[in-house]
Amino acid sequence: MSAQLPTLLSSLTFLTFLMGPIFAIGLINRTKAIWAGRKGPNLDQFFFDLARLLKKTPVYSETTSWIFQIAPWVVLTTTVMAAAFAPIVPGFSLFSFPYDFVYFAYLMAMGRVFIILGALDTGSSFEGMGASREAGFSALIEPALFFAIGTLAILSGNTSLETLTQAGAPGSAAAGYAIASRFFIFFALFILLQFEAARIPVDDPNTHLELTMIHEVMILDHSGPELAAVQYGSALKFVVLAGIMAALINPIHGPIHGPIHGPVQDPENGLLSFAVSLLLIAAICVLIGLSESLMARFRLKTIPRYATLGVLAAVLGLAFALLGNGGPL
Amino acid sequence: MDLILASAIILLLGAVLGLALPGNTRRVWSSIVSQLIASVLILIPTIPILLGGPDIRHEFFWSFPVNRIGIHIDALGAFFLSFSLPMTLLGTIYALGYLSPYFDKKRHAGIHFAILNLVSLSFILIYTVENAMVFLLGWEIAALAAWLAVIWDYKNQKIRFAGFNYLVSTHLSLLFLIAGFMIMGSSAGSFDFQEFQKFLGAPSILRNVTILLLLTSFGLKSAYFPFHTWLPRAHSAAPAHVSALMSGVIHKAGIYGILRFTLLMGTPDRWMGWTILIFSTISALMGVLYTATQRDLKRLLGYSSTENVGIVGIGIGLGYLGLYWHNPVITALGFAGAILHVLNHALFKCLLFYAAGAIYRMTHTIDLEKLGGLLKKMPQTGVFFLFGGLAISALPPLNGFVSEFLIYQGLFHESVPELSARGFFIYGAAMLALVGAVSALSMTRSFGITFLGKPRDSSITCHAEAPLSMRFSMAVHLLGMLIIGFMPFIAIAWVTEPAKLFLVAGGMKADVLPALANLQNAVSPLTKIGALFMAALLAILSLRWLMLPRSNRRHVTWGCGYSVANPRMQYTGSSFSEQFVSVFRSLLRKVRRDQLPDGPFPGDGYLNTHYVDAVEIKMFKVLGEGERLIELWMSQLKDEPRFAFGLGLFFLITLALVVVGR
């Protein structure tokens, strides 16, 4: 069993990234529906939506150039590539190399750049508005990700995304400080998730004609397969970030694995850890669904402040990590 | 050595021919050909040095104040020579197309091209000599040549002002440099760099003062914040190739200066590392915030230079701290990242300026509020600009990512010895991430507004693609970017020898090999991942093409039910960044002039907003009001004649004491 574990875990992780987006969206919508007293669509409804879109013939705006046509596919590619670096089980991802988290962050940025360019290509004032907001808000939240990564690097003593989420060697950090630090990092990543995946209170994924929208208004002109690519891409981005968060709080530590970390250790817990992570991802989906049901969207003026909150939470996490390691304070 | 001398002579010859030959076309070609030969002659001896060969040493003797002129090309000088001359050549080729409308006029275009030859010549002086006097000579040639090249369109008063502004700034930098050289010269008793080494190698208060003077001088030269005020003016006034060369190549001499004196110093103090790191982070951040606000494409690119030298500076600061800690890995990552970013910046910044120049050449404007939809008119220039923009935002798999990746690795490295430093480095990394994200915003803004959508001003027409020589220069730069981006091991091989110098100078000779091997290992995954990324993208695109429904169905952009949308309703450069910039209102200064339509029968109205340089405004304010402040102070003193007399006497006596005391 232990020899095949990496292969098994790889296939399971791959399947999660393949199917996860569909069920994650289903779960969020179901949560919101139940909260609102409705029955809600099936959990796999998103799959049928995508299938329908893929069969449709796209219509392109007369204003657009080739940028508009390739942008959705670049977005999809970058997200798929980013998923390859992301762990679901702590310490295990499909792909890893030292400091791959920088690559991960910049891949996400690459996807964002192309979705913005696609929006600007239409020459629509609505899409320009969404593009402007997406570019600005995502820049404001970007430091949170790097503070979080740096904190986790100190806590775990590791240097690649898959192993960042592991707890450090026993005794390397005072346990209380480490827990506090992880709590704040989780909070920061949750806010980051709301920004990146365009969820309430930052953005509303359900309407797209209001002047207050960000992500949905950028894809007004996309249709057919292109729309499917963008929608699947953003759902995948959600699962990737939720997977990292799940790995961060997963109490069962799976195998320490990866090209730089040598052979698999502690193989028994791998599958159990994976199952726990899946449950945690589902829990994050429910949490998102609940927060969408309970909160209204923020006013646009408030969103930069909310981004600052995310950055501050990550900085607090860093402070606790430094304290726990006998830092400067 | 003979080859270096020969290339200098050929450059001079090309300049003379450029002045003397009849006919502008012949003059231009004499400059291009002489630069081509000179570049080849320079590359022949410098490439072996970069591959680990022995340094070139030679000496000349001159009469009294100069004495010995040592010529010494080590890996650092070789590195700067190896890209400066070829890139100046490319700029000259670009100028062939850019200035071609002037060639059949009466104007003597040869002067401009002779100046470009002199720029190349000044590189040979600056990057090879070991004598402070001759170094200053090269420095001054570069400064004056750049000034003369900036004021190509000298009949325009604004351009003369920008040129004068640059001339003053660059000479302020020279003043600091001379002061630093004088301290070193009088302490060492010679103006030879090798003698400086003894003075710089031993910690002293005077050394600290000297380093501060040198950092100020080189900071002014390379346009670090807050010494950048001359830069956006000069860059928007100069012809595109001159802006490109100034930003990408000529002002890299400032970085060279910092690096050269670091080598002479050996092991720096701790405060120097932190000073450079903090100033550079601020520089990167402020530079990039300004890029998000500018309307003028070339001004925007100018500010982006301040941002990028900031990133270079973060690498240098990291290297300084690595030297101080005697940590070979961090030293190598810092300096290699910084040096590689110098090259990368030269590659993509020149490309972007060239593309901006192509836009100006074909549409006669570079105002972001007016342009739009150029990708259909200038498809190739559009692709060049897009790649330049992606690379400058450090997006993988292009070259900008490689150097920033090295710097990030240094900042996140687990071998940072002090925990507090680790904490601060994470702050630095987060700021660098913010810089990257804002840079992505400005580049999507500048590309998206100029090349996508529809023209925002119907009076602007563009009929054709830019001339071939302009596209040729851009294509070569793009090729360089792709090579570094997809085959980073080549880039690392290019900067390995220069980085090694710092390890040796810092007394870490024993650890050179593992630290350099770590550099190669650091980027080796990027090759595979870059290829994988392209393969994945191609696979996805071809699957989409083959399997999914295609169509040529076209319709108007969905206007959300509004049916008379017109191009002027599109988002413009200003509106695109307004949301983001409003967060940083306190740091950036917006000027707004308006006369809004009012009343039941509104007359003509206008609204004009733009962002001015807060530092420059402040500086002019202090300069302008300084006199008034002193006057105010003096007039108050006048009311107390006895006190004023006492104060005057006090200063006189103090002065006398100082004079007598010597």
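In what follows, chains carry the letters A, B, and so on, assigned in the order in which the sequence lines appear, proteins first and then strands, with residues in each chain numbered from 1.
Between Gln570(B) and Gly123(A), the shortest heavy-atom distance links the atoms CG-O, 3.0 Å. Closest approach of Thr444(B) and Leu120(A) over heavy atoms only: O-CD1, 3.7 Å. The two residues Phe146(A) and Ile426(B) come nearest to each other via the heavy atoms O-CG2, 4.2 Å.
Each side-chain hydrogen bond (donor to acceptor under 3.5 Å, both in side chains) pair with one or both residues in residues 69-82 of chain A, not counting sequence neighbours, appears once here: Trp73(A)-Glu226(A).
Taking 4.5 Å as the limit, every side-chain heavy atom of Phe97(A) sits out of range of all side-chain heavy atoms of Lys528(B).
For chain A, no part of Phe424(B) is nearby; none of its heavy atoms comes within less than 4.5 Å. Proximity to chain A (any heavy atom under 4.5 Å) is shown, for Val556(B), by both the backbone and the side chain. Of the atoms belonging to Lys376(B), it is side-chain heavy atoms, and not backbone ones, that fall under 4.5 Å from chain A. For a residue to count as touching a neighbouring chain, one of its non-hydrogen atoms must lie under 4.5 Å from one of that chain's; by this rule Val416(B) does not touch chain A. Neither the backbone nor the side chain of Lys301(A) comes within contact range of chain B, judged by heavy atoms closer than 4.5 Å. For chain A, the nearby part of Leu375(B) is the side chain; its heavy atoms alone come within less than 4.5 Å. With a 4.5 angstrom heavy-atom cutoff, Leu318(A) touches chain B only via side-chain atoms. With a 4.5 Å cut-off on non-hydrogen atoms, Arg550(B) touches chain A through its backbone but not through its side chain. For Asp221(A), the part lying under 4.5 angstrom from a heavy atom of chain B is the side chain only. Within the 4.5 angstrom heavy-atom criterion, atoms from both the backbone and the side chain of Ala536(B) approach chain A. Neither the backbone nor the side chain of Thr308(A) comes within contact range of chain B; no heavy atom of the residue lies under 4.5 Å from a heavy atom of that chain. Both the backbone and the side chain of Pro58(A) come within contact range of chain B, each with at least one heavy atom under 4.5 Å from a heavy atom of that chain.
Across Glu142(A), Arg305(A), Met81(A), the residue that shares the most heavy-atom pairs under 4.5 angstrom with chain B is Met81(A).
The main-chain N or O of Ser61(A) is found under 3.5 Å from a side-chain atom of Arg554(B) such that the two form a donor-acceptor pair. The main-chain N or O of Pro549(B) is never found under 3.5 Å from a side-chain atom of Thr57(A) such that the two would form a donor-acceptor pair.
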Candidate pair Phe137(A) and Gln579(B), rule side chain to side chain contact (heavy atoms under 4.5 Å, CB included), full reasoning: CA-CA 9 Å; Phe137(A) 295 149; Gln579(B) 178 92 44; 3.7 Å; yes
The test is side chain to side chain contact (heavy atoms under 4.5 Å, CB included); show your working for Phe85(A) and Ile529(B) and say whether it passes. CA-CA 11 Å; Phe85(A) 297 110; Ile529(B) 301 286; 3.9 Å; yes
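A 6.0 Å sphere centred on CZ of Arg568(B) holds no more than 12 heavy atoms belonging to other residues, nucleotides or ligands. Atom CZ of Arg585(B) has more than 12 neighbouring heavy atoms from other residues, nucleotides or ligands inside a 6.0 Å radius.
Below 4.5 Å, heavy atoms of chain A meet heavy atoms from Leu386(B), Leu390(B), Ser393(B), Ala394(B), Leu395(B), all part of residues 385-395 of chain B. Inspection of non-hydrogen atoms places Val102(A), Tyr103(A), Tyr106(A), Leu107(A), Ala109(A), Met110(A), Val113(A), Phe114(A) of residues 102-114 of chain A under 4.5 Å from chain B.
Residues that satisfy the side-chain contact (heavy atoms from CB on, under 4.5 Å) test with Val315(A), not counting sequence neighbours, are Phe147(A), Val311(A), Tyr427(B).
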